[in-house]
Student: 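Below is one structure. I have some questions about it.
Naming: A, B, ... by sequence-line order, numbering from 1 per chain.
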There are 2 protein chains.
Amino acid sequence: MTMRVRIEDVAEAAGVSMKTVSRVLNNEPNVSERTRQQVEAAVEKLNYRPLPSARVLAGRKSYLVAMLFDNPSSNYLMEVELGVLDACQAQHYNLMLAPLVYDAKNIVAQVESLIVQSQLDGVVLTPPITDDAGVLKRLDELDIPYASVSAKEANRRIGVIVDEQGAVCAMMAHLVSLGHRRIAHIKGHPAHGASNWRLAGYREALKRAGLRYDRTLVVDGEFSYASGYAATNALLDLKQRPTAIFAANDDMAAGAICAICERGLSVPRDISVCGFDDTPIAHQIYPALTTVRQDTREMGRLAGIELLREIRERSSGSIVDVPYTLQLRRSTGPAPTT
Amino acid sequence: MTMRVRIEDVAEAAGVSMKTVSRVLNNEPNVSERTRQQVEAAVEKLNYRPLPSARVLAGRKSYLVAMLFDNPSSNYLMEVELGVLDACQAQHYNLMLAPLVYDAKNIVAQVESLIVQSQLDGVVLTPPITDDAGVLKRLDELDIPYASVSAKEANRRIGVIVDEQGAVCAMMAHLVSLGHRRIAHIKGHPAHGASNWRLAGYREALKRAGLRYDRTLVVDGEFSYASGYAATNALLDLKQRPTAIFAANDDMAAGAICAICERGLSVPRDISVCGFDDTPIAHQIYPALTTVRQDTREMGRLAGIELLREIRERSSGSIVDVPYTLQLRRSTGPAPTT
DNA sequence: CTGTTAGCGCCTTCAT
DNA sequence: ATGAAGGCGCTAACAG
């Protein structure tokens with residue numbers, strides 16, 4: 001039975017006092033570089049990790065942050081979570097997962113109770129909670145630092161974003177270069193800011209390409225496979241079908257491909273399809289999906305880093321812009337010649 | 001800004017010692033009924049709530065359990081995690097996520113350090129850590145309660161299982177009833193017990209159907225999409241192709257479908273494909289995948305419940321058998337008539 | 001720059 | 001049945 005390694009043991013191993021070890025652990029100033037390295041070596045060697053309860057009890061901080069999310073079963077959130085976890089572990093913070101039931105009626109109360117009961121030092125917000133005015137207001141009132149992942153423009157203070165509108169424009173340009181002129185768009189869930197940006201990018205791209213905006217080609221969706229499937233069936237019933245479909249996320253694009261195949265049509269020969277996110281499903285369907293990749297895990301990590309920075313030193317967290325990349329795969333091809 | 005109410009304040013208000021208040025709070029014996037009521041009244045009046053950190057630091061329990069896992073980006077684990085979270089929240093325990101690098105060399109040390117440093121009250125094990133003899137041995141030595149999700153038979157003490165062999169047999173019977181005689185199997189990752197059960201079920205089913213075991217029809221895989229794709233290409237290169245492919249999980253089945261489509265063949269007209277797990281991808285690919293469904297979230301929840309039961313009262317946790325169901329979808333059909 | 005001395009709020013052990 | 005003293009592991013405040 002191994003005994004727990006305490007700060008005292010690290011101090012002894014490094015030949016310094018407990019307090020000096022504590023300084024190093026908390027990135028406090030007034031430690032010489034040499035001493036810092038000695039302490040870090042000892043921490044590494046003994047594999048020391050501070051006991052959260054003791055820190056909380058002695059100090060004023062809880063070293064606990066939570067990630068707030070709504071729809072728990074999405075690949076997107078899983079990836080973000082792992083990234084946030086990376087950031088927290090690197091700085092010896094604990095991460096609490098807070099699955100919320102996104103119900104406008106009591107969401108604010110849920111959040112407040114969570115923060116007070118658990119003594120949270122800060123929270124990471126994910127869509128669509130990033131854009132709930134009530135939650136944001138209460139967070140400000142409680143003076144709790146928070147970082148948002150892909151918040152709407154108006155709500156951005158600290159966190160990460162991707163230039164989604166630019167990404168959509170770039171993807172649309174690709175479709176246009178393939179000869180497509182009738183390009184449809186399946187919108188995302190209206191509560192998510194991403195839905196707006198992606199739609200904005202779609203319209204912007206049409207304008208740049210000199211194509212007119214045809215509202216019959218823009219249909220509602222809600223980010224789910226089923227909604228993409230339904231939306232595509234509506235598009236296929238049109239007198240004049242689109243030659244390409246840009247779905248606001250991969251799941252809906254997968255649903256679109258299914259609907260197209262079921263009618264005996266071929267992707268991309270008859271209709272090209274592209275998505276957004278580059279979730280695992282993108283390369284696990286046939287044909288592999290052309291999509292926009294955003295590094296969600298990295299986004300989570302950066303959001304975590306900015307949050308912790310803000311917690312450590314107020315007003316020092318910022319917005320980080322994470323680059324996107326186009327993943328051109330088999331689901332897009334030249335427009336059919338009519 | 002009010003000062004925090006401490007146990008001392010309650011003691012004073014009730015006219016007793018701190019320890020007596022503590023006894024009442026923890027339902028310990030040796031408190032007269034009259035005293036108990038006085039204390040409870042004081043607690044109520046002052047709206048006192050014990051501070052978790054202080055409790056953990058002073059006591060021996062941490063109210064913290066961890067879920068150990070290896071491959072973080074799998075739908076399977078995400079679901080299990082949510083289930084475990086359900087169980088923990090219901091009993092006011094905290095869940096810590098422990099992504100491990102499964103490297104036989106230091107996995108035991110990683111686990112030990114995690115447990116000791118974080119003062120874990122128990123852990124939930126997921127495959128393949130469930131079957132790492134070194135880890136299990138050390139867990140027993142440390143006398144740390146643990147619950148396993150789908151452990152190998154020999155390692156089952158507390159946790160949840162599914163009759164995977166029976167499930168595979170049932171699915172195979174379905175294929176046989178569709179007229180298939182040349183049925184291939186893509187094996188799972190060798191370190192996972194599930195791979196063995198599924199292979200065993202495959203052989204068992206062949207025997208029951210009076211079909212001979214043809215080793216050229218059984219190929220290696222490792223649960224990844226890419227491995228399913230590669231394995232299927234090998235099968236399609238055979239002089240005598242299979243008419244059905246049973247992949248040990250859904251990701252590999254998706255890879256199989258892709259490989260088949262790429263050769264211009266059709267699923268299920270030329271070849272039927274089925275998988276295992278019923279992860280989201282199963283109904284997000286075309287054609288929708290016939291597969292075995294196991295309720296992974298429920299499995300996580302039950303594993304959490306059994307673990308907490310064991311923590312509360314030793315030797316009271318047990319093994320729970322979770323039922324499976326066959327999901328018959330479009331990827332399987334009648335065997336082609338030769 | 002570094003070390004010493006007190007606790008943080010609660011539970012444990014050992015008295016009474 | 002109850003209480004007093006001591007410490008859990010860490011950090012804040014104050015020395016040097």
Side-chain angles (χ1 to χ4, degrees), chain A residues 1-40 42-43 46-64 91-94 117-119 121 311-312, chain B residues 2-40 42-43 46-64 92 113 115-121:
Chain A
M1 179 75 184
T2 332
M3 279 303 282
R4 175 166 218 294
V5 180
R6 293 158 308 164
I7 197 171
E8 195 182 339
D9 304 316
V10 177
E12 193 178 337
V16 297
S17 72
M18 279 167 50
K19 182 59 204 173
T20 298
V21 177
S22 174
R23 286 196 176 95
V24 173
L25 258 31
N26 297 296
N27 287 311
E28 284 173 33
N30 296 333
V31 179
S32 74
E33 188 49 39
R34 190 157 156 281
T35 306
R36 164 164 267 119
Q37 287 178 358
Q38 284 173 352
V39 171
E40 276 165 355
V43 165
L46 299 176
N47 193 25
Y48 169 74
R49 295 289 172 269
L51 187 69
S53 325
R55 297 223 281 188
V56 172
L57 188 56
R60 49 189 26 154
K61 320 178 208 75
S62 71
Y63 297 95
L64 210 211
Q91 305 197 33
H92 304 304
Y93 265 69
N94 284 95
Q117 304 276 357
S118 304
Q119 309 264 52
D121 282 347
I311 288 172
R312 286 249 167 67
Chain B
T2 24
M3 280 298 282
R4 209 197 139 62
V5 180
R6 294 159 307 164
I7 197 171
E8 193 181 342
D9 306 317
V10 178
E12 193 178 338
V16 297
S17 73
M18 279 168 49
K19 180 60 206 174
T20 298
V21 177
S22 174
R23 285 197 176 94
V24 172
L25 257 29
N26 297 297
N27 287 312
E28 284 172 34
N30 297 333
V31 180
S32 73
E33 188 50 40
R34 190 158 159 281
T35 307
R36 163 163 268 120
Q37 287 178 359
Q38 284 174 351
V39 171
E40 277 165 356
V43 166
L46 299 176
N47 192 29
Y48 169 75
R49 295 287 172 267
L51 186 70
S53 323
R55 247 188 171 174
V56 169
L57 186 57
R60 48 191 24 156
K61 315 181 225 37
S62 69
Y63 301 97
L64 209 213
H92 300 107
S113 133
I115 289 171
V116 175
Q117 298 302 333
S118 300
Q119 309 275 76
L120 301 180
D121 281 349

Student: According to salt bridge (charged side-chain N to carboxylate O under 4.0 Å, His left out), does anything in residues 23-39 of chain B pair up with another residue at least two apart or in another chain? List the pairs.
Tutor: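 Sorted pair list: B:Lys19-B:Glu28.
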
Student: Taking the side chain as every heavy atom from C-beta outward, state whether B:Val116 and A:Val5 have any pair of such atoms under 4.5 Å apart.
Tutor: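 No, side chains not in contact.
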
Student: Could you check how far CD of B:Glu28 sits from C1' of C:dT13, rounded to whole Å?
Tutor: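 It is 12 Å, rounded to the nearest whole Å.
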
Student: Between the opening five pairs and the closing five pairs of the helix from C:dC1-D:dG16 to C:dT16-D:dA1, how far apart are the helix axes, to 10°?
Tutor: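 It works out to 30° between the end axes.
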
Student: Determine whether B:Val16 and B:Val10 make a side-chain contact, defined as any pair of heavy atoms from C-beta on separated by less than 4.5 Å.
Tutor: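 Contact flag for B:Val16/B:Val10 side chains = no.
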
Student: Taking only the side-chain nitrogens and oxygens of A:Ser22, find out if one of them lies under 4.0 Å from OP1 or OP2 of D:dC10.
Tutor: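 Negative; the distance criterion is not met.
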
Student: Mind listing the residues from residues 7-20 of chain A sitting with a heavy atom below 4.0 Å of DNA chain C? Number order is fine.
Tutor: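 Residues of residues 7-20 of chain A under 4.0 Å from DNA chain C: A:Val16, A:Ser17, A:Lys19, A:Thr20.
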
Student: Between B:Leu25 (CG) and C:dT12 (C1'), how many Å, whole number?
Tutor: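 About 15 Å, once rounded to whole Å.
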
Student: Which heavy atom in A:Ala11 sits nearest to a heavy atom in A:Met18, and how many Å separate them?
Tutor: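 Shortest heavy-atom separation between A:Ala11 and A:Met18 comes out as CB-N, 3.7 Å.
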
Student: What is the separation between atom CD on B:Gln119 and atom P on D:dG9, rounded to the nearest whole Å?
Tutor: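 One finds 7 Å between P of D:dG9 and CD of B:Gln119, rounded.
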
Student: Check DNA chain C against residues 29-38 of chain A and give the residues with a non-hydrogen atom under 4.0 Å, in numerical order.
Tutor: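 Close to the strand are A:Asn30, A:Val31, A:Ser32, A:Thr35.
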
Student: Output all residues satisfying side-chain contact (heavy atoms from CB on, under 4.5 Å) with A:Ala58, sequence neighbours left out; order by chain, then residue number.
Tutor: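 A:Ala58 satisfies side-chain contact (heavy atoms from CB on, under 4.5 Å) with no residue once adjacent residues are dropped.
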
Student: Quickly work out the B:Asn26 CG to C:dG9 P distance and round it to whole Å.
Tutor: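 Answer to the nearest Å: 18 Å.
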
Student: Using a 4.0 Å heavy-atom cut-off, does A:Leu51 contact any base of the nucleic acid, only the sugar-phosphate backbone, or nothing at all?
Tutor: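 The answer is sugar-phosphate, as A:Leu51 gets under 4.0 Å only of primed atoms, P, OP1 or OP2.
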
Student: For B:Leu64, does its backbone N or O pair with a side-chain atom of B:Ser62 as donor and acceptor, under 3.5 Å?
Tutor: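 Yes, B:Ser62 side chain to B:Leu64 backbone: donor-acceptor pair under 3.5 Å.
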
Student: Expressed as a whole number of angstroms, how long is the span from A:Arg6:CZ to D:dC8:P?
Tutor: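 In whole Å, D:dC8 P lies 7 Å from A:Arg6 CZ.
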
Student: The criterion is side chain to side chain donor-acceptor pair (under 3.5 Å); which residues satisfy it with B:Gln119, sequence neighbours excluded?
Tutor: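 Side chain to side chain donor-acceptor pair (under 3.5 Å) check on B:Gln119 returns nothing, list empty.
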
Student: Heavy atoms from C-beta onward define the side chain here; which of C:dG7, D:dA12, D:dG7 lies closest to that of A:Lys61?
Tutor: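 Taking heavy atoms from C-beta onward, the closest nucleotide is D:dA12.
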
Student: So, does B:Arg55 get its side chain near the phosphate of C:dC10, meaning an N or O under 4.0 Å from OP1 or OP2?
Tutor: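 Indeed not, no polar side-chain atom of B:Arg55 lies that close.
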
Student: Identify, with sequence neighbours excluded, every residue that meets side-chain contact (heavy atoms from CB on, under 4.5 Å) alongside B:Arg60.
Tutor: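 In terms of side-chain contact (heavy atoms from CB on, under 4.5 Å), with neighbours along the sequence ignored, B:Arg60 is linked to no residue.
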
Student: Measuring to OP1 and OP2 of C:dC10, would you say a side-chain N or O of B:Tyr48 lies under 4.0 angstrom away?
Tutor: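 Yes, such a contact exists.
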
Student: Got a sec, which residues hit side-chain contact (heavy atoms from CB on, under 4.5 Å) with B:Lys61, two or more places apart in sequence or on another chain?
Tutor: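 side-chain contact (heavy atoms from CB on, under 4.5 Å) list for B:Lys61, sorted by chain: B:Tyr63, B:Asp121.
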
Student: Please enumerate all protein N or O atoms sitting under 3.5 Å from an N or O of nucleotides 14-16 of chain C, with distances to 0.1 Å.
Tutor:
none

Student: Restricting to side chain to side chain donor-acceptor pair (under 3.5 Å), what partner residues turn up for B:Thr35, sequence neighbours left out?
Tutor: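 By the side chain to side chain donor-acceptor pair (under 3.5 Å) rule, B:Thr35 matches B:Ser32.
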
Student: If you look only at pairs with a residue in residues 5-15 of chain A, which of them pass as a salt bridge (charged side-chain N to carboxylate O under 4.0 Å, His left out), with sequence neighbours excluded?
Tutor: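 Passing the test, one end in residues 5-15 of chain A: A:Arg6-A:Glu8, A:Arg6-A:Asp9.
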
Student: With side chain to side chain contact (heavy atoms under 4.5 Å, CB included) as the test, would you mind laying out the steps for B:Leu25 and B:Ile7 before giving the verdict?
Tutor: CA-CA 10 Å; B:Leu25 257 29; B:Ile7 197 171; 4.3 Å; yes

Student: Scan the side chains in residues 47-56 of chain A for donor-acceptor partners under 3.5 Å anywhere in the protein, sequence neighbours excluded, and list what turns up.
Tutor:
from	atom 1	to	atom 2	distance (Å)
A:Asn47	ND2	B:Ser113	OG	2.4
A:Arg55	NH1	A:Asn26	OD1	3.2
A:Arg55	NH2	A:His92	O	2.9

